[in-house]
Amino acid sequence: MIKIDNITKSFGQLNVLKGITTNIGKGEVVAIIGPSGSGKSTLLRCINLMETPTTGTITINGQEITAPKADVMGIRQQIGMVFQHFHLFPHMTVLKNLTYAPMKVKGMSAAEAEKKARELLARVGLADKADVFPSRLSGGQKQRVAIARSLVMEPQIMLFDEPTSALDPEMVKEVLEVMKGLADSGMTMAIVTHEMRFAEEVSDRILFLDDGRLLEDTPPEEFFQKPRSERAQQFLEKVR
Ligand code: ADP
Ligand code: MG
């Protein structure tokens with residue numbers, strides 16, 4: 001579904017991605033792990049064109065999204081993204097946070113958008129929060145709203161950039177459970193995470209990045225039991 005072919009990304013003199021090649025299949029869940037500054041967020045942001053790769057190509061469902069004439073808005077609509085810091089609209093109720101984009105971007109009727117929004121809020125366990133403002137929610141609740149808000153656009157792919165890193169420990173689980181449910185439902189997902197146990201349990205594949213290079217692209221059992229690269233071994237010793 002997603003083909004990443006030898007992409008590089010530089011910011012001025014700084015080479016952040018140094019030739020990444022991998023594929024993500026439909027329904028596959030990929031965990032992207034690696035030290036801080038290794039290029040994980042940049043790689044994720046290239047997939048939804050928040051960053052443009054300097055060289056190389058990315059193809060989604062046969063359509064080259066890095067082509068000069070690619071339909072950027074159309075592509076972004078197919079890809080949901082969830083961030084560490086939620087990025088909810090603070091001046092809108094939870095319900096409005098969910099209905100805004102489908103009405104504005106997809107031209108969905110208010111009634112239809114609300115119906116879908118309420119279904120999704122129920123799915124993430126927040127049916128009773130439709131009318132409150134984000135400031136009244138806990139971090140875990142905010143992140144579940146952010147996930148529901150992405151899903152209301154019916155994305156084909158969901159990207160997560162450290163979705164639990166800003167949460168108090170007792171809220172991590174409720175967010176990971178929502179993500180696990182999404183993975184079980186067959187969603188194609190790429191997740192940057194430091195939650196090693198979650199990555200091991202939920203992902204089909206681990207991408208280990210170090211200094212802009214993909215050092216491992218391997219099933220979780222293999223990665224966690226016998227990582228090939230010394231860098232991955234060192235990394236695992238520190239985080240486990
Ligand atoms: P990670 O998510 O693995 O921590 P990032 O992809 O955020 O790593 O960043 C990789 C490197 O690229 C870092 O050195 C970071 O400072 C740099 N970087 C990221 N975004 C930009 C940008 N917009 N401009 C300049 N440097 C950037
Ligand atoms: Mg990052």
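For this chain, numbers begin at 1 and follow the sequence in order. Counting starts at 1 for both ligands and their atoms, following the listed order. Heavy-atom basis, side chains included; hydrogens, waters and symmetry copies ignored.
Nearest protein neighbour of atom 19 (C) of ligand 1, counting heavy atoms only, is Phe11 CE1, 3.6 Å. At the shortest separation from atom 4 (O) of ligand 1 among protein heavy atoms lies Gly37 N, 2.7 Å. Ser41 CB, 3.6 Å is the protein heavy atom nearest to atom 7 (O) of ligand 1. With hydrogens left out, the protein atom closest to atom 16 (O) of ligand 1 is Leu14 CD2, 4.7 Å, a heavy atom. The nearest protein atom to atom 9 (O) of ligand 1, hydrogens excluded, is given as Thr42 OG1, 3.9 Å; this is a heavy-atom distance. Nearest to atom 8 (O) of ligand 1 among the protein's heavy atoms is Gly39 N, 3.3 Å.
If you number the atoms of ligand 1 from 1 as listed, the ones under 4.0 Å from a heavy atom of Ser36 come out as 4 (O). Each of the following atoms of ligand 1 lies closer than 4.0 Å to a heavy atom of Pro35: 3 (O).
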Please tabulate, for the side chains in residues 154-164, all donor-acceptor contacts under 3.5 angstrom to protein atoms that are two or more places apart in sequence or on a different chain.
unit_1, atom_1, unit_2, atom_2, d
Glu154, OE2, Lys116, NZ, 2.7
Gln156, OE1, Asn61, ND2, 2.9
Asp161, OD1, Ser41, OG, 3.3
Asp161, OD2, Ser41, OG, 2.7
Glu162, OE1, Ser165, OG, 2.7
Glu162, OE2, His194, NE2, 3.3

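For residues 141-153, the set of pairs meeting the salt bridge (charged side-chain N to carboxylate O under 4.0 Å, His left out) definition, not counting sequence neighbours, comprises Arg144-Glu174.
Ordered by chain and number, Ser41 OG make up the set of protein N, O or S atoms under 2.8 Å of the Mg ion (ligand 2).
Ile32 and Phe223 are not part of a single hydrophobic cluster, where members link through side-chain heavy atoms under 4.5 Å apart. In terms of hydrophobic clustering, with Ile, Leu, Val, Met, Phe, Trp and Tyr side chains grouped at heavy-atom distances under 4.5 Å, Phe83 and Leu88 are assigned to different clusters. Criterion: ILVMFWY side-chain heavy atoms under 4.5 Å apart, direct or through other members. Under it, Leu44 and Phe198 are not part of a common hydrophobic cluster.
Applying the side chain to side chain contact (heavy atoms under 4.5 Å, CB included) rule to Arg76 yields the partners Leu49, Val72, Met73; only residues at least two apart in sequence or on another chain are considered.
Below 3.5 Å of separation, one finds no N or O of Val16 facing any N or O of ligand 1.
Using cut-offs of 30° and 60° on the angle between ring planes, the pair Tyr100 and Phe89 is perpendicular.
In this structure, Lys226 does not pair ionically with Glu222, as no charged nitrogen and carboxylate oxygen lie closer than 4.0 Å.
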When you look at Ser10 and Asn15, which way does the side-chain hydrogen bond (donor to acceptor under 3.5 Å, both in side chains) test go after all the steps?
CA-CA 4 Å; Ser10 304; Asn15 302 319; 2.8 Å; yes
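Within the 4.5 Å cutoff, no side-chain heavy atoms of Glu216 are placed close to those of Ile206.
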